[in-house]
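Please read the structure below before turning to the comments.
Throughout, protein chains are lettered first and strands after them, A, B, ... in sequence-line order, and every chain is numbered starting at 1. Just the heavy atoms: all of them, side chains too, but no hydrogens, waters or symmetry mates, feed the values below.
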Amino acid sequence: MHKTRRKYIPKEIEKSWPNSVPQSGTSMGKPNFAKATMGKPNSAKATMGKPNSAKATMGKQELRKYLPKTIEEKWQQIWMDKKVYQFKLDRTKKPYYTLVELPYPSGNLHIGHWFTFATADAHARHRRMAGWNVFFPNGFDAFGLPAENAAIKRGIHPKDWTMSNIETMRKQFDSMGSMIDWSHQAITCLPEYYRWNQWIFIKMFERGLAYRGKTLSNWCPSCQTVLANEGIEDGKCWRCGSIVEQKEIEQWFLKITAYADRLVWKQDQSSVLGSQLSDISQSVNQSAGKLKTGKPESENGQLKTDYWNGVDWPQSVREGQNNWIGRSEGLEIDFKLEGGDEKLTVFTVYPETIFGVTYMVLAPEHLLAKKLATKEQKKAVDEYIKTARNKTEMERKTLDKEKTGVFTGAYCINPVNGAKIPIWIADYVIATYGTGAVMGVPGSDDRDFAFASRYNLAVIRVIGNDPKDTGEVTKEDDVLEEGYLVNSGEFSGLSTPEPAKEKVKDYLEQKGSGRRIVQYHLHDWSVSRQRYWGTPLPIIYCDKCWELKTQNSKLKSEYGRDYTEIDGKEHAIIPVPLENLPVELPYEVDYTPKGKPPLATAEEWMQVTCPKCGGKAKRDPETLDTFFDSSWYFYRYLDPKYDKEPFNPDLASGLTPVDIYFGGAEHTLGHTLYARFFTKFFHDIGLLEYEEFAKKRIQHGVILGPDGFRMSKSRGNVIDPDDVVREYGADTVRLFLCFMMPYEATAPWNPAAISGIYRFLRRIWDLGEKVRTSNFELRTSDLYHMHRTIKKVGSDIEGIHMNTAIATLMEWLNYLSAKEKISKEEYKTMLLLLAPFAPHIAEELWQSLRDLQVHTDEKTDSHGSEKISSFNPRESIHAQAWPVYKDEYMVSDQITIVVQVNGRVRENLTVASALRDDKEALSEKAQALENVKKHIAGKQIKTVVYVPGRIINFVVA
RNA sequence: GCCGAAGUGGCGGAAUUGGCAGACGCGCUGGCUUCAGGUGCCAGUGAUCGCAAGGUUGUGGGGGUUCGAGUCCCCCCUUCGGCACCA
C-alpha cells in the first residue's frame with residue numbers, strides 16, 4: 001500500500017450516504033491503537049475473519065476497507081430510489097422472463113430462499129447485462145392453512161398475520177440486493193388477485209371442467225379438510241402429520257383427466273434443430289428485438305436435441321409426471337357371465353395372455369360383486385366386502401402383503417376358447433382404475449401367481465422361453481412375462497410382446513369382445529377445502545331454481561349443469577355472474593375448526609340473492625385449494641392490476657412463456673403439473689397461443705441443517721440467513737450459496753468454507769491497489785486468461801453452474817494477484833463478471849473506479865451525497881454490457897502436448913502452437929525426451945497415436 | 001417391486017463429454033510477518049515406496065471394449081429422492 005490516503009473516519013463516510021447504518025461493535029468512534037491490519041478483528045477468536053463483527057479501528061487505518069454492511073445498505077437504497085431494476089417494456093429488446101416459485105409468507109426468509117434466489121438473481125443479472133430485457137417479478141402465495149393455524153394458535157387474524165409476514169419478508173428480500181422488480185408483485189390473498197381465481201373457476205365450470213362429485217376422499221381429522229393425494233406423505237397429512245382418514249364427501253373437482261393425454265411429455269422431433277444461438281453473451285446484438293419463439297435457446301453452442309413438448313425440462317420431472325399420469329394403452333375385454341347375457345368387462349395391457357386366464361377378480365366395490373355371489377357363497381362374500389370397506393386405503397396398500405380374496409361362486413366364459421372361469425373378489429384390485437375388474441393370469445404375472453397359489457387356482461403356461469416351452473409353472477421363478485406364446489391356440493409361437501399383442505388385440509376387436517382403450521392413473525383434482533383462509537368458491541346454491549329446472553325442461557340449458565343436496569334438498573348450482581366478482585372473503589369469521597367450513601358460520605355472508613331467479617339462495621362455504629392460486633400467478637405478474645381478464649393477453653404474448661423457471665423438486669407432481677394444465681386451459685379459451693408455460697425448468701436441491709437433517713424448528717437446526725448476513729454481508733452469503741454446491745445438490749449447511757468467499761471478495765477489493773490508470777499493453781497470457789474467464793463464466797451462468805463460474809473467477813484472481821500491476825480493463829472486467837453474484841461490492845468498486853477515471857490525481861474518496869442524487873441508473877454496473885470475449889485471444893502461442901507410452905503419461909512437451917499438427921516433428925521431439933526414451937528403450941514402437949494439440953502416445957511392445 | 005439421480009482426497013466439489021484425475025474453496029503442514037494469538041502473504045498437501053531423481057497405485061466392487069476409461073458396455077453393492085398391488 002503505497003498510496004497516500006485520506007484517514008479512515010467512519011462517521012464522515014456514513015454521514016455522506018443516506019441510510020447507512022453504523023457498524024456493529026462497541027468501539028465505534030474510539031481510537032484503537034492496535035496496529036491496523038487488513039485482517040481486522042481485534043481480539044476474540046470467535047470473530048476471526050468475520051467482517052461485520054469487527055470493531056472499527058481508527059488510527060493508521062487504510063482508507064478503503066471492505067465493510068459490507070455499509071456499502072450494501074447504501075446501494076440497496078440507491079438502486080431502489082433510482083429504480084435501477086424496474087422493468088420497462090421495450091420492443092427493441094428481447095424480453096426474458098425469469099421466474100422463481102413464489103414464496104409462502106411463513107414469516108421469515110430462510111436459507112433455502114436465499115439459495116434459490118441467489119442463483120436465479122445471478123442468472124437474471126447476467127442475462128440483463130447480456131442485453132436481454134429481463135422481467136424478474138415476485139409475489140406471495142398468501143392463502144393457506146399455516147396462516148389459519150397460526151391465527152388460531154395466537155389469536156391473530158390470518159390476514160393480519162400474512163400481511164405482516166409479507167412486509168417482513170419483503171425487507172429481507174431487499175437485504176439480498178436482488179434485482180426483483182416488486183412493482184409487479186402479486187399477493188394471492190387479495191381480492192384483486194383471487195377475483196381471477198373465481199373467474200377461472202367459473203370458466204372451467206362453464207366448460208364442464210369444474211364439477212361437483214362425491215368420492216371417498218382423504219380427510220385430515222386435525223386440519224378438518226380434504227387433502228389431495230399429493231398432500232399425503234406416508235399416510236399422514238403433509239402439514240400437521242395426522243393420520244389421514246377416508247371419508248365420503250361431496251366436493252369440487254377439476255377435470256384434469258380431460259387433459260391427461262396433452263399433459264403427457266412426448267419427445268419433440270420438430271425442434272431437434274433448435275435455435276441457432278451459439279452463446280448468449282455473444283449473440284446479444286443479433287437476437288435483440290426478435291420475438292419469442294417458444295423454443296429454448298441452446299447452451300454453450302451445442303444444439304439440444306432433447307426437447308419434449310417443445311421445451312427443456314428435466315428428465316426427472318418429465319418421467320415423474322408421465323408415471324403419475326400413468327397412461328397405458330390396453331384392451332377392454334368382455335367375458336360373458338355363465339348362464340346369462342350379462343358380461344364382465346376387464347381392462348388389461350396384456351391381452352396376449354388371454355389363453356392363460358384361470359380366474360377373474362373384482363374389486364370389493366365393483367357393482368357386480370354382491371350380485372354375482374351364489375347362495376352358498378353369499379355369506380362369505382358379504383363378510384369379505386364388509387371387512388374390506390372398513391380397511392382404510394393405507395391398510396389395504398401397506399398391510400396387505402398377503403393377498404386375500406373370496407370366491408363368488410359364479411363363472412364367466414373366456415371368449416377365445418370358451419373356458420369356464422371362476423370369479424373372485426379381492427381387495428388388491430382397485431375399484432377406480434380400469435373397470436375395477438382384472439383377469440388373473442397366474443402363468444405370466446407374479447401377483448396373480450401368488451394369488452392363485454394361495455387359493456389353489458389353476459395355472460396355465462402361456463408364455464415360454466421358446467415356442468416349445470410348455471413346462472408347467474410351479475413356482476414363482478417359472479413365471480415369464482415375455483418370450484413366446486404357448487398353449488394359445490392359433491397364436492402359439494408368436495413372440496411377445498410383439499407381434500403377439502397386436503395380433504390378439506386385432507382378433508378380439510374383430511370378434512367384438514374387445515376394444516382398444518387408453519387408461520390413466522391420474523385422478524381428477526379435488527379443489528375444495530373446508531377452510532377459511534382461501535378463495536371463496538364463486539358458486540350459489542338455489543333450491544328454487546332446481547325446482548324450476550326440473551319442472552320446465554326448456555329452461556334446462558340456462559342453469560348449471562348439475563345440482564347438489566343441502567340438508568336433504570336439491571339445489572341448482574349457479575355460478576356467480578362474472579360482473580359480481582369478486583366474492584370477497586369476509587373478514588369477521590369464526591375460523592376455529594368445527595367440522596364444517598368456517599364460512600358456513602358466517603350466516604349473513606351465506607345468504608345471497610339468486611342471480612337467476614332472484615330468490616333466496618346460499619353461497620358455497622368452501623374455499624379453493626391454494627394450488628389453484630399458484631397455477632397461474634406468473635401470468636398475473638405481467639400486470640397485477642389488470643381488470644378485464646386474469647391477465648393481459650397482449651403482455652402475455654410479448655413476455656411469456658416464462659423463459660426459465662426455478663423451483664423445488666417437491667413440486668414435480670403437484671404445482672408444475674397443475675400450472676401446465678391451467679396453461680392448456682387458457683390456450684383452449686383463447687387467452688394463450690402456446691401450451692407449455694415455461695421453456696426451461698431448473699430444480700434446486702435442499703440445504704439441510706448442519707446435522708444433515710431437513711431444517712425444522714422442532715429439531716432446532718434452522719439456519720437464519722439474517723444472522724449469516726449480519727456477520728459477512730449479503731454479497732458473501734450470495735456468493736457462498738452459489739459456490740457451495742451445484743444447484744441441484746442436496747447437502748448440509750456447512751459454513752466452514754464461507755471465510756474463503758469473504759477472503760475472495762476482500763482480495764478483489766484490495767486488487768484495486770494494483771490498477772494502473774494509464775493503460776498498458778496486455779501480454780498474450782493476460783489476454784488469454786481474461787478472455788477465457790469471460791467465456792467460461794458466461795457459459796457457466798447460462799448452464800446454472802454457478803459454483804464453477806465462481807471457481808473460474810477465483811482462478812483468474814489468483815493469476816491477477818500474482819502480477820505486479822493490472823490494467824484497468826482487467827479490473828473492470830473482473831468487476832463486471834463479479835456483478836451478477838456480488839452486486840453491492842461490484843457496484844461500489846465500479847463507481848470508485850469511475851471516479852478514479854475522472855479525477856486521476858484526486859487523493860480523496862470522492863463519493864459525496866451530491867453524487868448520489870445525481871446518480872444515473874445507466875451508470876450502474878448492473879446496466880453495463882457483459883464483456884465480450886474473443887476467440888483469437890484464447891489461442892496461446894505455446895501448446896503443451898502430453899507424451900504417453902502405452903497410455904501412461906511420461907512427459908510434457910511444450911512446443912510452438914504452429915507445430916500442433918505436425919505428427920512427425922512432434923514424434924521425433926518426444927522420443928528425444930529422456931523420460932520417454934527410458935520407457936521405449938529396447939522395445940519396438942508399434943503405433944503412434946496422435947491427437948492434434950493434445951496427446952502423442954507411443955504404443956510399444 | 002418400479003422409476004429417477006448419484007457414489008471421486010480429511011470435507012464441499014471440478015474434469016472442455018474417451019485424452020495429464022482431484023480445478024476452485026475449506027481444512028491440514030511448513031515458512032515469512034507478529035511481543036503474542038489471529039489476520040495477511042509464500043510454499044506444500046490422494047495413497048504408497050524412496051534421501052532424492054523417480055516409481056507404483058488410485059474415481060463403490062468385479063468383468064469387458066480401447067493406444068488410452070471417472071467418462072462407454074455387462075453384472076453386482078450402497079445412498080438419496082419419487083411412486084408403490086395401475087392389471
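With P as the reference atom, U16(B) and A23(B) are 15 Å apart, rounded to whole Å. Here, A14(B) and G30(B) have their P atoms 31 Å apart, quoted to the whole Å. Annotation: A15(B) and G7(B) have their P atoms spaced 11 Å apart (nearest Å). G18(B) and U71(B) have their C1' atoms separated by 7 Å, given to the nearest Å. Only the P atoms considered, G12(B) is 37 Å distant from C67(B), to the nearest whole Å.
Of the residues listed (Leu508(A), Val504(A), Val346(A), Ile354(A)), the one engaging Leu331(A) in a side-chain contact (heavy atoms from CB on, under 4.5 Å) is Leu508(A), and it is the only one. Results of the side-chain contact (heavy atoms from CB on, under 4.5 Å) test with Ser328(A) over Thr348(A), Ile517(A), Val349(A) single out Val349(A) as the only residue that passes.
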Evaluate side chain to side chain donor-acceptor pair (under 3.5 Å) for Asp334(A) paired with Thr345(A), printing each intermediate quantity in order.
-> CA-CA 4 Å; Asp334(A) 301 328; Thr345(A) 305; 2.9 Å; yes

Begin with the C-alpha distance, continue with both residues' side-chain angles, and end with the deciding distance and a verdict on ring-ring contact (aromatic ring centres under 6.0 Å, His included) for Phe736(A) and Tyr728(A).
-> CA-CA 10 Å; Phe736(A) 177 62; Tyr728(A) 294 97; 8.5 Å; no

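Residue contacts for Pro742(A): at a heavy-atom cut-off of 4.0 Å it reaches the sugar-phosphate backbone alone, with no base atom in range. As judged by a 4.0 angstrom heavy-atom cut-off over every strand, Val947(A) is placed among the base-contacting residues. At a threshold of 4.0 angstrom between heavy atoms, the contacts of Val955(A) are confined to the sugar-phosphate backbone, with no base atom among them.
Base pairing of G81(B): its partner is C3(B), meeting the Watson-Crick or G-U wobble criterion (both donor-acceptor distances under 3.5 Å). Figure legend. G22(B) is base-paired to no nucleotide; pairs are counted as Watson-Crick or G-U wobble with both atom distances under 3.5 Å. Base pairing of C32(B): its partner is G40(B), meeting the Watson-Crick or G-U wobble criterion (both donor-acceptor distances under 3.5 Å). A 3.5 Å limit on both hydrogen-bonding distances identifies no Watson-Crick or G-U partner for G70(B).
For Lys266(A), the NZ atom sits in a packed shell: over 12 heavy atoms of surrounding residues, nucleotides or ligands are nearer than 6.0 Å. Taking a 6.0 Å sphere around NZ of Lys819(A), one finds it holds more than 12 heavy atoms contributed by other residues, nucleotides or ligands. Heavy atoms from other residues, nucleotides or ligands lying under 6.0 Å from OH of Tyr350(A) number 12 at most. Within a 6.0 Å sphere centred on CZ of Arg516(A), other residues, nucleotides and ligands contribute more than 12 heavy atoms.
A close approach under 4.0 Å does not occur between any side-chain nitrogen or oxygen of Arg710(A) and OP1 or OP2 of C80(B). Residue Arg906(A) has a polar side-chain atom (N or O) positioned under 4.0 Å from OP1 or OP2 of G55(B). Between Arg950(A) and G68(B), a side-chain N or O to OP1/OP2 separation shorter than 4.0 Å is absent.
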Name every donor-acceptor pair, under 3.5 Å, that has one atom in a side chain of residues 895-902 of chain A and the other anywhere in the protein, sequence neighbours excluded.
{"residue": "Asn902(A)", "atom": "OD1", "partner": "Val956(A)", "partner atom": "N", "Å": "2.9"}
{"residue": "Asn902(A)", "atom": "ND2", "partner": "Val956(A)", "partner atom": "O", "Å": "3.4"}

Give me, pair by pair, the N or O atoms of the protein and of nucleotides 20-23 of chain B that are less than 3.5 Å apart, along with how far apart they are.
{"residue": "A23(B)", "atom": "O2'", "partner": "Glu811(A)", "partner atom": "OE1", "Å": "3.4"}
{"residue": "A23(B)", "atom": "O2'", "partner": "Glu811(A)", "partner atom": "OE2", "Å": "3.1"}

Which protein N or O atoms sit under 3.5 Å from an N or O of nucleotides 1-8 of chain B?
{"residue": "C3(B)", "atom": "O2'", "partner": "Asn323(A)", "partner atom": "ND2", "Å": "3.4"}
{"residue": "A5(B)", "atom": "OP1", "partner": "Gln315(A)", "partner atom": "OE1", "Å": "2.9"}

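Looking only at side-chain heavy atoms (C-beta outward), Tyr455(A) and Tyr359(A) stay at 4.5 Å or farther from each other.
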